[in-house]
Structure formats: C-alpha cells, structure tokens
Amino acid sequence: MKRERRRELPELPGAEGGVVMRFAPNPSGPLHLGHARAAVLNDAYVKRYSGTLILRLEDTDPARVYPPAYEMIQEDLHWLGVHIHRVVVQSSRLEIYYRHARELIERGHAYVCECTGEEFQRLKLAEQECEHRGKSVEENLADFERMFTEFKEGEAVVRLKTGVELSDPAMRDFPIMRISEAKHPRVSARVYPLMNFAVAIDDHLLGITHVLRGKDHIVNTRKQAFVYRFFGWPMPEFIHYGRLKIEGVALSTSRIKEGIEAGKYSGWDDAALGTLRALARRGFRSEAVRRAMLEVGIKQSDISFSWKNLFAYNRELVEPIANRYFFVASPVEVVIEHMPEFSREVRLHPSYPERGSRRLVVKPEAGVGRIFIAEGDYAKLRQGEFVRLMEGFNVVIQEKRRHWMRARFHSLELEEAKRRRARLIHWVPAPHAVPVTVVKPEGRDTGYGEPALGEVEPGDMVQFERYGFARIDEAGERIIAYYAHP
RNA sequence: GCUCCGGUAGUGUAGCCCGGCCAAUCAUGCCGGCCUUUCGAGCCGGCGACUCGGGUUCGAAUCCCGACCGGAGCACCA
C-alpha cells in the first residue's frame, strides 16, 4: 500500500486570524492547467486554515467575456475538488466601482483624462502632466458623468494621480476607469473599472486576507497599493508564484477559441488542449492534477511543468482500476502455418484475478491462423526470428513481406521463449478484431483491439499493453479511446 | 532600453529569513536486481544538484558584492 506523503506548503504569514482568499479568473473560457495552480493552491490554504474561498469572476472587459464560461469555470472547479464558499461577479458590482471612483475624484486623487493613449504615453515618458490633470474637482465630477452619456469609447478615462515622475513609467497616473461600447452579456453598461481598480476595491470589501497569484501580477500589486493608500485601507498579504512553463498543449484561451471556430479543435475538451476538461476526457484524475500543483508550490522562480511527474501521479491512481487489453496500432496481418486450435483465459488485471478474464482464441482454417500485430513490432522483426505472442504462443517468422508476414507455429510454452530471450509482442486475433481509434494529443492511432473490448463502457480506464493508459470515450462496434500517458 | 524578480540533481521540491547537526530532503526520472507470461505495479540497490567568482566568518547552499543565465512588467486586457 502506498501512503500519501504530502509535503506541506509553507505557512502563510499572518494566517492566525483566519484567511479569506479568492480565485479570480476572467470568464473567457473554461479552466486550464495554468488556472489549476491558482485554484488548487488557494483551495489548499483555505482548507488548511479553515478559511473562506471566494470565486470572483472578473468580467469587466465585455469584449473578452465568453458567456458559457461562467458555468464552465464552476464545473471545472468542482471537478478539481476546489470548494468555493461564495461566488462574486464583478459586472454585478459596477455601482460600487463608480461610487469609489467618484470618491477618489472628490478627494482630488483622480481625474478624467481625454488624452489619446499615444498622447498620454508620450507625456508620461517625458514625465509631464497632461492638461486634464489640473482640473477642479467639480470639472472632473462633471466629466465623469459625461463618460456615461457623452464621451465615446476611447475618448476619456479616469486616471489615478499617482505622479508623473515615478521611476516606473507603468505607475505614472495609470487609468482606473474606461469606456467600452462592446456589448456585455450580463449587464448594459459602458463605463467599466480597469482590473487594478476593481481588484483592489473588491479585495478590500470582500475582506481578502491573502492574495496568492502569479508574479505577472507583481506590477499590478504595486498599482493596487496606490488604491489602498488613497483610501487608507490596509493591504492584504500578497504572494506571487513564478511562471509555469507548460509545453505540448494549447493553453491560450483566445487561441483555443479561434481554433475551435476554425475546426482545428473539436471543442474545449480536444485531446490537444491543456484545459481541465481535456485532461478529464483523457482519463486524468483531478487528484493527480492537484498533487502536481501542490508539488510545484508557490516559489517565485519560474519552473517547467513536468508531464512525466503528472503521468506518474495519475498512473498511481489509475493503474489499479485499468483493465488490460491488447490494441495493435497500424495493424499488419500475420498468417501462422501449422497452427493448432488455441484458446486461453487471460486476466483482465494481473493483480486482481477476481475481476475476471477475457478469452484469446485462434481458430485455424486448414491449419492456418490469422492475427494482427502492430506495425512498430512488424518493423523490428526479422525473417527466421523466434517471437512470443504474449499470453499466447511462440512462432517463427518465415517470410516478411511488405505489410504482411508468414510465420509458423512453434510451441506454447513461455519458458521456451524466455530461454531464447525472444521478443514478446502483443497481438490481436484477426477474426472478430474490434476497430479502435486512439485519440492522442499529437494525432490519432487506428488499429484493432481484441474482441473482449466489446465489453468496455464509456468512461472506463484501460491499459493497452505495451502502449499506454487510455479512457474509453465511445464503446460498441468500434471503440474510440482518449490516450492519457504511458 | 527602463523597472523589478529569481537561480539546489533530467524534472519538480525541502533547506536559505534565525550560518555549523547538509559529503544536502522527498517525489519523479534513469540504471541494475528480485518478483512477474509483456507493460505496469511491488520490493531492494544505485545514478544524479547547491550557476560562477570574490568577500565576511573558525565555519556558507545559507550573509554581502559582482558576473553570467533565466523570467516578469512597461495596455483605455485580466
């Protein structure tokens, strides 16, 4: 038995008084591996300290909202085992942001700026104030109201008076409110807070004690600090973890969406994607994903995500439940001469005889049996070679031709094959072979599976011997399996 | 370019704040053995790292400086 040795994450500073944390994705699509880190880590800390986890949907950019995502994100979190105590949607809180923006204007900390982006950038880089900065509070208040009625998108923003001489140009009078005329799926509005404003206000109002997020937000944290300062609010504890480089799968939500529309991907759970639903479809267990994320931790240095580690964690979970079957990819026919009748019961799982067995049968016609082997094995075999057909019998290759082989039955005993150090390969009896397609991130393998595959059901996890673990996606006359890992 | 971070085995991680018990932890990977009708699993054994150079100190993975390497941000996105 394997016990779960879970390394503890480092303590959160100042967690004694309880923790309130949040997971704050943009509802632009379902969750992927990158989100899983933030979700799992926040969840793990909240559970450790018996705190509260808030899901905050940050939909203040109407152009980037994908309406189904509101639901999908919650489904994904449920799958991940992340427990959400409260859900907050920013588009329902616009009045709160407006009120705080007015307050900042009244206190002289913000102003309505009509510069174009380029104009302001030029002035900013020259450490010069723009003409709108010196307006009176009354003028600013009036101009703010004009943002709701008169100004068009891009014509005015509210800027925070942080100072134009700040050493980091990014900090200089950054904007906190803007106009967007894109249609929002949930509300009808045209003035929206920018992320750094909405986040700071919400984090404070929701009583967030610890913010755990990627280091791409470090600059945002500094910007948000200005908002806290102007309101006189205490800052939560901020922790930034490093970038997680994930290779081999598509992660960018916007690019995935384009790919789906262009027919490049079958959907959000296409095997080539790094979305959680794609991993689930391939048979990954959420516990394996959680463990991988916990293992990765909260260090600030950048790391490469290791698929091998995830595979190993998942294999540990899935190996005991996955029944064994033979599947030959790109089948090559082998005719076996002098073949006797053959029939054998083979365990579905070598460690669990009680789970039952499947039957491998070769019924020769006129002394000739027919089977399939995988093209990869065919390529390696040489004429005259003695080879063991796993769970079956031994044959000697007589003749190797283009995509076809002739062999002769030799013997039944495994000992004979061991003594000769023969190659052991898997195979499928040709009659009643079941067509199987295995969908992999890189493409798909087609071939045949053994007749017993007729009994599997969608959702079953199987191990195709010498091939890898896969999840049955469609069962029946023909099988479609999604490949997980070796 | 500017601002700011970070660098422990193939990968991830512990240790670094509070120098010695660190010839450096754990997982994964790889190699070998046992077991096993393959793969996998299990058990046993092994491989493998403190980026480099100075400094402080009796003593540095741990503190300081520099170099090198890597990364983030510099949006009217989040």
Side-chain angles (χ1 to χ4, degrees), chain A residues 1-2 5-10 24-28 57-65 90 113 115-117 120-121 124-125 147 153-159 166-172 174-180 191-196 198-199 213-223 240 242-245 253-254 291-297 299-313 315-316 318-320 322 324 326 344 346-347 349-351 388-393 413-415 417-418 422-427 463-469 486:
Chain A
M1 211 53 224
K2 184 129 184 166
R5 242 204 95 273
R6 173 64 27 77
R7 189 191 311 295
E8 287 288 296
L9 292 166
N26 172 297
S28 57
L57 294 155
E58 306 203 328
D59 57 348
T60 52
D61 180 2
R64 284 180 37 155
V65 174
Q90 286 191 320
C113 172
C115 293
T116 63
F120 190 83
Q121 172 153 27
K124 173 175 87 173
L125 291 177
M147 285 176 71
E153 177 170 331
E155 289 182 352
V157 295
V158 179
R159 290 186 182 281
L166 260 23
S167 64
D168 183 351
M171 295 297 141
R172 296 173 191 162
F174 65 85
I176 57 171
M177 299 290 275
R178 63 146 181 172
I179 297 168
S180 172
V191 178
Y192 294 91
L194 270 327
M195 178 236 196
N196 284 308
V199 164
R213 32 139 80 146
K215 73 177 185 184
D216 47 323
H217 284 294
I218 284 180
V219 174
N220 294 321
T221 299
R222 295 217 303 276
K223 287 186 178 180
H240 300 98
R243 213 182 85 155
L244 187 61
K245 277 173 286 189
T253 304
S254 54
R291 182 170 166 198
M293 294 306 161
L294 256 14
E295 203 71 45
V296 151
K299 286 214 311 187
Q300 203 175 322
S301 43
D302 299 338
I303 55 186
S304 322
F305 176 77
S306 166
W307 285 100
K308 281 193 173 176
N309 288 354
L310 209 215
F311 291 169
Y313 305 151
R315 190 153 46 222
E316 202 173 281
V318 129
E319 191 277 334
R324 271 58 166 171
F326 289 152
R344 189 166 190 274
V346 182
R347 285 179 184 175
H349 192 297
S351 318
R388 170 74 179 181
L389 297 171
M390 284 164 56
E391 315 278 11
F393 45 90
E413 300 73 28
L414 171 69
E415 289 313 312
K418 278 190 150 177
R423 208 188 285 280
L424 287 96
I425 64 170
H426 61 287
W427 57 288
Q463 184 189 147
F464 289 138
E465 301 204 33
R466 297 213 307 142
Y467 182 85
F469 290 89

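Throughout, a chain's letter reflects where its sequence line sits, starting with A, and its residues are numbered from 1.
- One can place CZ of Phe311(A) at 15 Å from P of G40(B), the figure rounded to the nearest angstrom.
- Residue Lys215(A) has its side chain nearest to G70(B) when only G70(B), C76(B), U28(B) are considered.
- Separating the CG atom of Asp216(A) from the P atom of G71(B) is a distance of 15 Å, rounded to the nearest angstrom.
- Within the nucleic acid shown, Pro350(A) comes within 4.0 Å of at least one base atom, counting heavy atoms only.
- Position along RNA chain B of the nearest nucleotide to Ala170(A) versus Lys245(A) favours Lys245(A) as the more 5'-ward residue.
- Judged by atom type and distance alone, Arg222(A) does not reach the base of G73(B) through any side-chain donor-acceptor pair under 3.5 Å.
- For the atom pair His426(A) NE2 and Phe464(A) CZ, the distance stands at 10.0 Å (nearest 0.5 Å).
- The gap from the C1' atom of G55(B) to that of C74(B) amounts to 35 Å, rounded to the nearest Å.
- The distance between atom NZ of Lys308(A) and atom P of U28(B), rounded to the nearest whole Å, is 14 Å.
- Spacing between A24(B) and A61(B) at atom C1', rounded to whole Å, works out to 8 Å.
- The side chain of Ile303(A) lies closest to U13(B) when the candidates are U13(B), A78(B), G40(B).
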Could you walk me through whether Val191(A) and Val158(A) pass the side-chain contact (heavy atoms from CB on, under 4.5 Å) test, one step at a time?
-> CA-CA 10 Å; Val191(A) 178; Val158(A) 179; over 6 Å; no

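- Minimum atom distance to the side chain of Pro175(A) is reached by C76(B), of the listed C76(B), G73(B), A78(B).
- You'll find that the side chain of Lys124(A) is closest to A75(B), out of A75(B), G12(B), C5(B).
- If you take CD of Gln300(A) and P of A14(B), they are 13 Å apart, rounded to a whole angstrom.
- Among the nucleotides C76(B), U28(B), G40(B), the one closest to any side-chain atom of Arg324(A) is G40(B).
- The line from CE of Met147(A) to OH of Tyr192(A) is 12.0 Å long, rounded to the nearest 0.5 Å.
- Using a cutoff of 4.0 Å between basic side-chain nitrogens and carboxylate oxygens, Arg324(A) and Glu319(A) are scored as salt-bridged.
- Checking the phosphate oxygens (OP1, OP2) of G29(B), no side-chain nitrogen or oxygen of Ser306(A) falls inside 4.0 Å.
- Of the candidates U28(B), C77(B), G71(B), G71(B) carries the atom nearest the Arg243(A) side chain, counting heavy atoms from C-beta on.
- Nearest-nucleotide positions on RNA chain B place Ala312(A) closer to the 5' end than the other of Ala312(A) and Asn220(A).
- Close to U13(B), at under 4.0 Å from its OP1 or OP2, lies a side-chain N or O of Lys299(A).
- The closest donor-acceptor contact from the side chain of Asn220(A) to the backbone of Asn196(A) lies at 3.5 Å or more, if one exists at all.
- To the nearest 0.5 Å, atom CE of residue Met171(A) and atom CZ of residue Arg222(A) are 4.0 Å apart.
- At the heavy-atom level, Ser180(A) lies nowhere under 4.0 Å from the strands shown.
- Taking atom C1' on both nucleotides, U13(B) is separated from C2(B) by 34 Å, rounded to a whole Å.
- Using a 4.0 Å heavy-atom criterion, one finds that His240(A) contacts no nucleic acid atom at all.
- As judged by a 4.0 angstrom heavy-atom cut-off over every strand, Gly297(A) is placed among residues making no nucleic acid contact.
- Put simply, the side chain of Arg172(A) gets close to the backbone of Lys124(A): a donor and an acceptor are under 3.5 Å apart.
- Separating the C1' atom of G73(B) from that of G29(B) is a span of 35 Å, rounded to the nearest Å.
- Classification of the Phe311(A)-Trp307(A) ring pair by plane angle, with boundaries at 30° and 60°, yields tilted.
- Across all strands shown, Val157(A) has heavy atoms under 4.0 Å from base atoms, whether or not it also approaches the sugar-phosphate.
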What dot-bracket string describes RNA chain B from 5' to 3', counting Watson-Crick and G-U wobble pairs whose defining distances are under 3.5 Å, with [ ] for crossing pairs and | for pairs to another strand?
-> (((((((..(((.......[.....)))((((((.......))))))...(((((..]....))))))))))))....

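- Residue Pro169(A) places its side chain closer to C74(B) than to any other of A78(B), C74(B), U13(B).
- Computed from coordinates, the Phe174(A) CZ to C77(B) P distance equals 13 Å when rounded to whole Å.
- Across all strands, Gln121(A) comes closer than 4.0 Å only to sugar-phosphate atoms, never to a base (heavy-atom distances).
- Here G12(B) is the nucleotide among C5(B), A78(B), G12(B) with the atom lying nearest to any side-chain atom of Ser304(A).
- Taking atom CG of residue Asn309(A) and atom P of nucleotide U28(B), one finds them 8 Å apart after rounding to whole Å.
- Looking at heavy-atom distances under 4.0 Å, Glu58(A) makes contact with sugar-phosphate atoms alone, never a base.
- G19(B) sits 12 Å from C58(B) when the C1' atoms are compared, rounded to a whole Å.
- On the P atoms, U25(B) is 12 Å away from A49(B), given to the nearest whole Å.
- With 3.5 Å as the limit, one finds a donor-acceptor pair spanning the side chains of Thr221(A) and Arg213(A).
- Rounded to whole Å, atom P of C4(B) lies 12 Å from atom CZ of Arg172(A).
- With rounding to the nearest 0.5 angstrom, the CG atom of Leu125(A) is 9.5 Å from the CZ atom of Phe120(A).
- When the P atom is used for both C44(B) and A60(B), the distance is 37 Å, rounded to whole Å.
- For G48(B) and G40(B), the C1' atoms lie 25 Å apart once the distance is rounded to whole Å.
- Between the Arg178(A) side chain and the Leu194(A) main chain, no donor and acceptor come within less than 3.5 Å of each other.
- Of the candidate nucleotides U28(B), C76(B), A78(B), A78(B) has the atom nearest to the side chain of Asn26(A).
- Here Phe464(A) lies out of heavy-atom contact (under 4.0 Å) with every strand.
- In this structure, Asn196(A) reaches neither bases nor backbone, as no heavy-atom distance under 4.0 Å exists between it and the strands shown.
- The base of G40(B) is paired with the side chain of Glu319(A) by a donor and an acceptor separated by under 3.5 Å.
- Taking atom OH on Tyr313(A) and atom P on A41(B), their separation rounds to 14 Å, with Å as the unit.
- The Val296(A) side chain lies nearest to G12(B) when the options are G12(B), C76(B), A72(B).
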